[in-house]
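Below is one structure; the comments refer to it alone.
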Amino acid sequence: QVQLEESGGGLEQAGGSLRLSCAASGRTFSGYVMGWLRQAPGKEREFVAAISRNGGSTRYSDSVKGRFTISRDNAQNTVFLTMNSLKPEDTGVYYCAVRTGGEAVTKTASYDYWGQGTQVTVSS
């Protein structure tokens, strides 16, 4: 089972930027689709972004498209989420997630493992 550790969350003003990182253990990182999910207080966990194994294909939720960018560095076993033009509704715990089979998809339940999460708070 792959271990995931997110970092980079914090408090930011609306319109600002943050970059989240997720370090993964194991030698098969390049064999996984990677994603980011988030959960706001009182809401269900939702899909944010996903990236294919070689980084050539990405998927985004409509709410973050054009503002967030997912990327990965397979040599460093790391996936990133660059978040620009942040909005208060982006507030939540952000989880790095692994999909061990199939393609990059937007269905949250398709992801097999996730980390402990990192808190992102956007003030208005």
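The neighbour count for E46 CD, taken as heavy atoms of other residues, nucleotides or ligands under 6.0 Å away, is above 12. Annotation for Q119: atom CD counts as buried by contact number, over 12 foreign heavy atoms lying within 6.0 Å.
Between the side chain of T118 and the main chain of G9, a donor-acceptor pair closer than 3.5 Å is present. Checked by atom type and distance alone, the side chain of E6 pairs as donor or acceptor with a backbone atom of Q116 at under 3.5 Å.
Atoms CG and OG, on D73 and S30 in that order, are 11.5 Å from each other to the nearest 0.5 Å. Summarising the geometry, atom OG belonging to S25 is positioned 7.0 Å from atom CG belonging to L4; distances are rounded to the nearest 0.5 Å. We find the CZ-CG distance between F68 and L81 to be 6.0 Å, quoted to the nearest 0.5 Å. Distance check: S63 OG to D90 CG gives 7.0 Å after rounding to the nearest 0.5 Å. For the atom pair OG (S57) and CZ (R59), the distance works out to 7.0 Å, reported to the nearest 0.5 Å. Between E89 atom CD and S124 atom OG the span is 10.0 Å, to the nearest 0.5 Å.
Figure legend: R38 and Y95 shown without cation-pi pairing, the cationic atom not lying both under 6.0 angstrom from the six-membered ring centre and within 45 degrees of its axis. Geometric assessment of R19 against the ring of F80 yields a positive cation-pi assignment under the 6.0 Å and 45° thresholds. For R72 and F29, the positive end sits near the middle of the six-membered ring, less than 6.0 Å away and at most 45° from its axis.
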| message | Before you tell me yes or no, could you show the steps for L86 and L18 under side chain to side chain contact (heavy atoms under 4.5 Å, CB included), namely the whole-Å CA-CA distance, both residues' side-chain angles and the distance that decides it to 0.1 Å? | response | CA-CA 8 Å; L86 284 164; L18 284 172; 4.0 Å; yes

| message | Using the rule given for side chain to side chain contact (heavy atoms under 4.5 Å, CB included), can you reason through Q13 versus V122, listing the C-alpha separation, both sets of side-chain angles and the distance that settles it, and then say yes or no? | response | CA-CA 5 Å; Q13 292 185 337; V122 184; over 6 Å; no

| field | Residue pair L20, V120: steps toward the side chain to side chain contact (heavy atoms under 4.5 Å, CB included) verdict | value | CA-CA 9 Å; L20 307 183; V120 171; 4.0 Å; yes

| request: Apply side chain to side chain contact (heavy atoms under 4.5 Å, CB included) to Y32 and D112, showing your working. | output: CA-CA 10 Å; Y32 299 141; D112 303 296; over 6 Å; no

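Shortest non-hydrogen contact noted between A24 and V2 is CB-CG2, 4.0 Å. Listed here is the closest heavy atom pair of N74 and R53: ND2-O, 3.0 Å. Nearest heavy atoms, T106 versus F47: O-CB, 3.1 Å. Residues G117 and V93 come closest through the heavy atom pair CA-CG1, 3.8 Å. Annotation for V48 and L37: closest pair CG2-C, 3.9 Å, computed over non-hydrogen atoms. Of all heavy-atom pairs between S21 and T78, the closest is CB-CG2, 4.4 Å.
No side-chain donor-acceptor contact under 3.5 Å links R99 and Y111. One side chain, S17 or N84, offers a donor N or O that lies under 3.5 Å from an acceptor on the other.
Electrostatic pairing of K65 and D62 counts as a salt bridge here, judged by a charged N lying under 4.0 Å from a carboxylate O.
Under the 4.5 Å side-chain contact rule for hydrophobic residues, W36 and I51 share a cluster. One hydrophobic cluster holds both Y94 and M34 under the rule that ILVMFWY side chains link at heavy-atom gaps under 4.5 Å.
Side-chain contact between C96 and V79: present, with at least one pair of heavy atoms (C-beta onward) separated by less than 4.5 Å. Contact of the R67 side chain with the Y60 side chain is not registered, since no non-hydrogen atoms from C-beta on lie closer than 4.5 Å.
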